[in-house]
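What follows is a short report on a single structure.
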Amino acid sequence: MRPSNSYSRRTLIRRVTASAIGLAGSCAIPSDVWAAPQPGELKIFVHWDMEGASGIFTREQAWYWEQGVRENVASDARQLFTSDVNSLSAAALEAGVSDLIVCDTHHGGGNLIQENLLSDHRIKYLYRSVGLEDGKRRWMPGLDRSVAGLMLPGHHAKAGTDRSFMPHAWSREWLDFKINGQSVGEIGIETCYAGHWDIPLIFVQGDEAACKEAEEQFPGVVTAVVKRATSPELATGLEPAAARRETASKIAQAIEKARSKKLRPFKPTLPMTIEVRMRTMDGASKIASRPGVMRLDDHTVEARVGRQCDVVKWINGTGLDMQA
């Protein structure tokens, strides 16, 4: 086995080339030229949300598409987000990642300022969280057994969490989401999905509550706290440059965790029982009308699924082999 601080000739050539490219322009790589990592290289999937990103302290910034949001706030928020993505990507490459998939999942994607993104041939950008793979629509294209670790930066705590900024579980209509009786938020849902391919969660960035949630549910995960909530829709924290330095300082630890293979994937026992408590009775009624879904009470529904990657497919259709 090659030591972790040694690199193949191919990797060294790629690193020298990347250094010459610099920071100009976008480098979304067409899927038909994206090559699988060679043995000894390291592929990481970075699934970005925005509520936990550096410098995002208000609901207006985090949900900038809502009616009445000032144009300059929306523009500044997208730039803060893009700068956060660039900083983490650079840190991951510096730590030795050979293939980096960067996925924008916030509100389905479309938040990054593409022309301002770090340009490096080792990065593949997914500007939407759902895309095509092998001619089929799926969530998180490229997430497969070649990926060594999942990173969830910019994330938030689950619905109902005290002292958390913008807490929710995928949809504001979901008051609680349980997998085999364990209450989880988006961090848990996405880590469960990755578990289908035996991919562990290695890193989370967000507010104090989100990082605490990740640490409690996934012991050993590396976290970067960049803010704390003062109310559900307001936060305070490190100024953006300092927050990015804090995040970057944790990336090498997370990458080493991926190399060591000591972190375990989240693979709830199958078949999984998924329970969702809805905000309204009407919402529960609509879901309960679907095949295989049981209504437990006025607000709660339940279903059983046979794969970790089907964790939300039964409720909203998101996962593998999605309908066109």
Side-chain angles (χ1 to χ4, degrees), residues 4 37 41-56 81 83-106 118 122-126 129 140 142-143 146-158 164-165 184-195 197-227 237-238 240 242-267:
S4 61
E41 298 187 346
L42 196 68
K43 184 177 182 181
I44 299 295
F45 197 105
V46 189
H47 199 55
W48 275 95
D49 211 344
M50 193 166 166
E51 289 91 348
S54 304
I56 304 296
F81 182 52
S83 296
D84 236 30
V85 170
N86 283 341
S87 177
L88 187 148
S89 296
L93 295 179
E94 178 64 24
V97 172
S98 57
D99 297 272
L100 193 68
I101 301 177
V102 176
C103 180
D104 175 7
T105 187
H106 186 60
L118 175 67
R122 293 169 289 180
I123 305 175
K124 179 180 181 179
Y125 292 108
L126 303 178
S129 57
M140 299 166 74
L143 192 70
S146 67
V147 174
L150 174 69
M151 291 189 176
L152 298 178
H155 274 59
H156 52 81
K158 65 183 181 179
S164 61
F165 176 61
V184 302
E186 287 178 32
I187 293 170
I189 291 170
E190 292 160 0
T191 304
C192 176
Y193 183 76
W197 295 276
D198 296 321
I199 302 166
L201 176 66
I202 62 172
F203 177 78
V204 172
Q205 174 215 41
D207 72 354
E208 289 177 343
C211 291
K212 180 180 178 182
E213 178 182 314
E215 291 166 355
E216 290 178 347
Q217 293 187 353
F218 307 106
V221 67
V222 177
T223 61
V225 175
V226 297
K227 68 185 78 176
L238 299 172
R244 290 179 195 123
R245 288 193 297 271
E246 170 65 15
T247 299
S249 73
K250 298 295 185 70
I251 294 302
Q253 297 177 37
I255 298 305
E256 187 54 38
K257 295 261 187 177
R259 285 199 183 96
S260 71
K261 300 183 180 180
K262 292 181 179 179
L263 295 182
R264 300 177 60 184
F266 182 37
K267 296 178 71 73

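It should be emphasised that the depicted structure is a prediction, and the values quoted were computed from it without experimental measurement.
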Output side-chain donor-acceptor pairs under 3.5 Å for residues 208-222, partner residues at least two apart or in another chain, one line each.
residue : atom : partner : partner atom : Å
E213    : OE1  : K158    : N            : 2.8
E215    : OE2  : T223    : OG1          : 2.5
Q217    : NE2  : S183    : O            : 3.0

Inset, instruction - Evaluate the side-chain proximity of M50 to I56: yes if any heavy-atom separation is below 4.5 Å, no if none is. - result: yes
Inset, instruction - Please round to the nearest 0.5 Å and tell me the distance separating atom CD1 of I202 and atom CD1 of I255. - result: 4.5 Å
Inset, instruction - Sequence neighbours left out, what passes side-chain contact (heavy atoms from CB on, under 4.5 Å) with R245? Give chain and number order. - result: E239, A241, A242
Legend entry - Validation row: I189, V184 side chains within 4.5 angstrom (heavy atoms): yes
Legend entry - Taking every non-hydrogen atom, the tightest pair across V46 and P153: CG1-CG, 3.5 Å
Inset, instruction - Could you grab the distance from atom CZ of F165 to atom NE2 of H156, nearest 0.5 Å is fine? - result: 10.5 Å
Inset, instruction - Report yes if the side chains of M151 and I251 come closer than 4.5 Å at any heavy-atom pair, otherwise no. - result: yes
Inset, instruction - Determine, stepwise, if the pair L152 / D49 fulfils side chain to side chain contact (heavy atoms under 4.5 Å, CB included). - result: CA-CA 7 Å; L152 298 178; D49 211 344; over 6 Å; no
Inset, instruction - Could you check if a side-chain atom of L118 sits within less than 4.5 angstrom of a side-chain atom of V102, using non-hydrogen atoms only? - result: no
Legend entry - Interatomic spacing from CE in M140 to CG in L126 - rounded to 0.5 Å: 9.5 Å
Inset, instruction - Over all heavy atoms of both residues, which pair between L143 and W197 is shortest? Give the atoms and the distance, please. - result: O-CE2, 3.6 Å
Inset, instruction - Flag the pair S54 / E246 as yes when at least one side-chain heavy-atom distance between them is below 4.5 Å, and no otherwise. - result: no
Inset, instruction - Over all heavy atoms of both residues, which pair between F203 and A254 is shortest? Give the atoms and the distance, please. - result: CB-CB, 3.8 Å
Legend entry - For the student: nearest non-hydrogen atoms of V226 and G52, plus distance: CG2-O, 3.4 Å
Inset, instruction - Taking all heavy atoms of G55 and all of P240, pick out the closest pair and write down the distance. - result: CA-CG, 4.0 Å
Legend entry - Flag side-chain contact, heavy atom, 4.5 Å: L93 against I123: yes
Inset, instruction - Anything under 30° is parallel, anything over 60° is perpendicular, the rest tilted; go ahead and classify F45 against H47. - result: tilted
Inset, instruction - Identify the heavy atoms of S146 and K43 that sit nearest to each other, and give their distance. - result: OG-NZ, 2.9 Å
Inset, instruction - Give the C-alpha distance, both sets of side-chain angles, the deciding distance and a yes or no for side chain to side chain contact (heavy atoms under 4.5 Å, CB included) between D99 and K124. - result: CA-CA 8 Å; D99 297 272; K124 179 180 181 179; over 6 Å; no
Inset, instruction - Determine whether D84 and T247 make a side-chain contact, defined as any pair of heavy atoms from C-beta on separated by less than 4.5 Å. - result: no
Legend entry - Y193 vs I199 side-chain heavy atoms within contact, under 4.5 Å: no
Legend entry - Nearest-0.5 Å distance, CD of residue E41 to CZ of residue R122: 10.5 Å
Legend entry - Aromatic plane relationship, F81 with W48 - under 30° parallel, 30 to 60° tilted, over 60° perpendicular: perpendicular
Legend entry - Partner set under salt bridge (charged side-chain N to carboxylate O under 4.0 Å, His left out) for K267, not counting sequence neighbours: D198
